[in-house]
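Atom set for the values below is all heavy atoms of this structure, side chains included, hydrogens, waters and symmetry mates excluded.
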Amino acid sequence: MSYSKQNKTGVELNRLYEEDSPVHDWYRFVLSYPPHLVRNYLVDFGLNKSHTVLDPFSGTGTTLVECKKLGINSIGIEANQIAHLASKVKTNWSINEDKLLELSKTIAEEAEHILQNYNAEYKTLTEDQGKLIINNSISQIPLHKTLVLLEIIMKYKDNELTDHLLISLAKQIVFSYSNLKFGPEVGVSRVKKTDADVVGLWFEQIKTMVRDIKQFKGMSAVKSEVILGDARNINTLIQNESVDAIITSPPYPNEKDYSRTTRLESVILGFIKDKSDLRRNKERLLRSNTRNVYVSDNDEIWIENNILVRDLSREIENKRIELGKTSGFEKYYHRVVELYFGGIAKHLESMKPILRPGARLAYVVGDQASYFRIHIKTGEIIADIASTLGYKVDRIDLFRTRLSTVTKDNLREEVVILTWMG
Ligand SMILES: C[S@@+](CC[C@H](N)C(=O)[O-])C[C@H]1O[C@@H](n2cnc3c(N)ncnc32)[C@H](O)[C@@H]1O
């Protein structure tokens, strides 16, 4: 099957983060798509204040924030707890921002006082927590200061404001206090941050938040709901025929472990306390890498008859055998691909009842070459699956190309545009 490919949006969108990003910067994945891309499709789909947009893989909330700024109602589904919290906080502009500033000032003063007079052992993570994070993710002193600040935030627990305080801390843990670097996998820098102005930088982040809320206060009543859940069971989470459009970016089949990308802040803030918490979190995720495949997984049943996926899976497994690769991970490569596209099929199927007839959908996805360099045409395969499930495939836009670190080829990131006719 072939579809027209256009780069109507591609060139312009490569400007990525050049634009000023109020609210988006409160906390976001390094690889989230740019606000600009969402705006283009909101216009392209002719959406306005009477419509509801859904992002079933909302991540750090780019789609939801853009919708809210433009007065369009939105719903997000997200399986990762810290990203869910980020999406929720980033779309809650109805808090009293003066109270937020006042409370933060009290907390900051108290934290500084404690830190200046501290003469006991440095605070640290529990043994279980320590095992969950990447070694040397954060140095001893920044961690100690973070834990002191966190304790005081929790002491002043306030139902309306605490989530905002925590997301500011999460952002600064990753980008200002930790030794993490993203490129695009998460790793640890050679040069370690032995100290950081933890309280001061957190308070600066709160001030940014307060400024942004003041700027967009007029839109605070626009509805935005974010649900912690699994997009493969979306029909159990959202009302029937309530959604006019989807703008989203699911994970790609590329060995990238989203739970690792957000591990440090998830552990420090207490979302993941031990291995069983981690597993519960991972089980909600679409299978997109060998580190979140489980024996009981069976999403492949959703693509049993899909020739493209079957051929791709065989090609990967044959290549493994040809190369004599025998590690546990490598043996799972072909299975990840089946589970990934099976999960996408299950998700697309579960969306049918909640979409209004005529709903438009935009799926941003990237081609990959992580499994023995075999080219996975993610966009084309998703278009094929969608078409089999009864969606109309309108076109595939080129969003941008990325140089593969493995093959040195240019890999396409595309936007699959669909219509649900009902
Ligand atoms: C590519 S990211 C989305 C980034 C987002 N567009 C943004 O701007 O931040 C994909 C997201 O899907 C989430 N996810 C993975 N599997 C999921 C599932 N089954 N249900 C809901 N969310 C899921 C991941 O946790 C991740 O946050």
Side-chain angles (χ1 to χ4, degrees), residues 1-14 33-48 50-58 62-64 66-67 70 72-75 77 231 234-235 238 241-253 286 302-303 306-309 340-341 343-368 376-401 411-422:
M1 202 172 302
S2 74
Y3 307 103
S4 69
K5 298 198 178 211
Q6 307 178 0
N7 71 347
K8 188 163 70 75
T9 47
V11 175
E12 251 195 305
L13 291 175
N14 276 333
Y33 51 40
H36 200 113
L37 175 128
V38 177
R39 286 200 294 273
N40 275 5
Y41 287 103
L42 291 174
V43 173
D44 189 22
F45 293 169
L47 297 166
N48 60 45
S50 68
H51 296 121
T52 297
V53 172
L54 168 68
D55 184 345
F57 301 91
S58 76
T62 311
T63 296
L64 313 182
E66 275 316 293
C67 286
L70 295 170
I72 300 171
N73 298 329
S74 65
I75 308 173
I77 308 289
I234 212 159
N235 54 333
I238 297 181
E241 296 203 10
S242 59
V243 171
D244 300 283
I246 307 281
I247 302 177
T248 194
S249 173
Y252 309 161
L286 192 66
W302 296 88
I303 42 87
N306 187 292
I307 294 166
L308 295 182
V309 181
Y340 172 80
F341 287 109
I344 291 279
K346 184 177 181 194
H347 156 68
L348 287 171
E349 178 64 35
S350 78
M351 280 220 304
K352 290 178 182 175
I354 65 160
L355 295 173
R356 292 206 176 105
R360 306 295 308 281
L361 302 89
Y363 280 77
V364 181
V365 285
D367 283 2
Q368 300 299 324
I376 303 179
K377 294 183 177 172
T378 315
E380 278 192 30
I381 299 177
I382 289 180
D384 185 59
I385 292 170
S387 149
T388 311
L389 292 173
Y391 290 84
K392 177 171 165 283
V393 179
D394 296 318
R395 57 181 204 269
I396 299 178
D397 293 340
L398 176 66
F399 162 35
R400 60 187 170 197
T401 53
L411 294 174
R412 295 172 70 90
E413 264 192 283
E414 299 177 323
V415 191
V416 180
I417 307 294
L418 309 169
T419 302
W420 174 245
M421 305 305 282

Is there a donor-acceptor pair closer than 3.5 Å between any side-chain N or O of [X] and the backbone N or O of [Y]?
X: D397; Y: F399; result: no
X: K352; Y: W420; result: no
X: E413; Y: L411; result: no
X: S242; Y: I238; result: no
X: S249; Y: V364; result: yes

Check: [Y] and [X] side chains under 4.5 Å, non-hydrogen atoms:
X: K346; Y: F341; result: no
X: E380; Y: I396; result: yes
X: F45; Y: I417; result: yes
X: M421; Y: T419; result: yes
X: L355; Y: I246; result: yes

Compare every heavy atom of [Y] with every heavy atom of [X], then report the nearest pair and how far apart it is.
X: V53; Y: C67; answer: CB-SG, 3.7 Å
X: L348; Y: Y363; answer: CD2-OH, 3.8 Å
X: P56; Y: A231; answer: O-CB, 3.4 Å
X: E66; Y: P35; answer: OE2-CB, 3.4 Å
X: G379; Y: V416; answer: O-CG2, 3.5 Å
X: L389; Y: A345; answer: CD1-O, 3.6 Å

How long is the gap from [atom1] on [X] to [atom2] on [Y], to the nearest 0.5 Å?
X: T63; Y: L42; atom1: OG1; atom2: CG; answer: 8.0 Å
X: I75; Y: L54; atom1: CD1; atom2: CG; answer: 6.0 Å
X: S74; Y: I72; atom1: OG; atom2: CD1; answer: 9.0 Å
X: I385; Y: L308; atom1: CD1; atom2: CG; answer: 8.0 Å
X: H51; Y: D244; atom1: NE2; atom2: CG; answer: 5.0 Å
X: I382; Y: I344; atom1: CD1; atom2: CD1; answer: 4.0 Å

message: Does either side chain, that of T378 or that of Y340, offer a donor lying less than 3.5 Å from an acceptor on the other one?
response: no
message: If you count heavy atoms of other groups shown closer than 6.0 angstrom to NZ of K377, is the number above 12?
response: no
- request: Any chance you could lay out the ring-ring contact (aromatic ring centres under 6.0 Å, His included) test for H347 and F57, step after step, and finish with the verdict?
  value: CA-CA 11 Å; H347 156 68; F57 301 91; 5.0 Å; yes
Salt bridge between [X] and [Y], side-chain N to carboxylate O under 4.0 Å?
X: R356; Y: E241; value: no
X: R360; Y: D394; value: yes
X: D367; Y: R400; value: no

task: Go through L398 and R412 one step at a time and tell me if the side-chain contact (heavy atoms from CB on, under 4.5 Å) criterion holds.
output: CA-CA 7 Å; L398 176 66; R412 295 172 70 90; 3.7 Å; yes
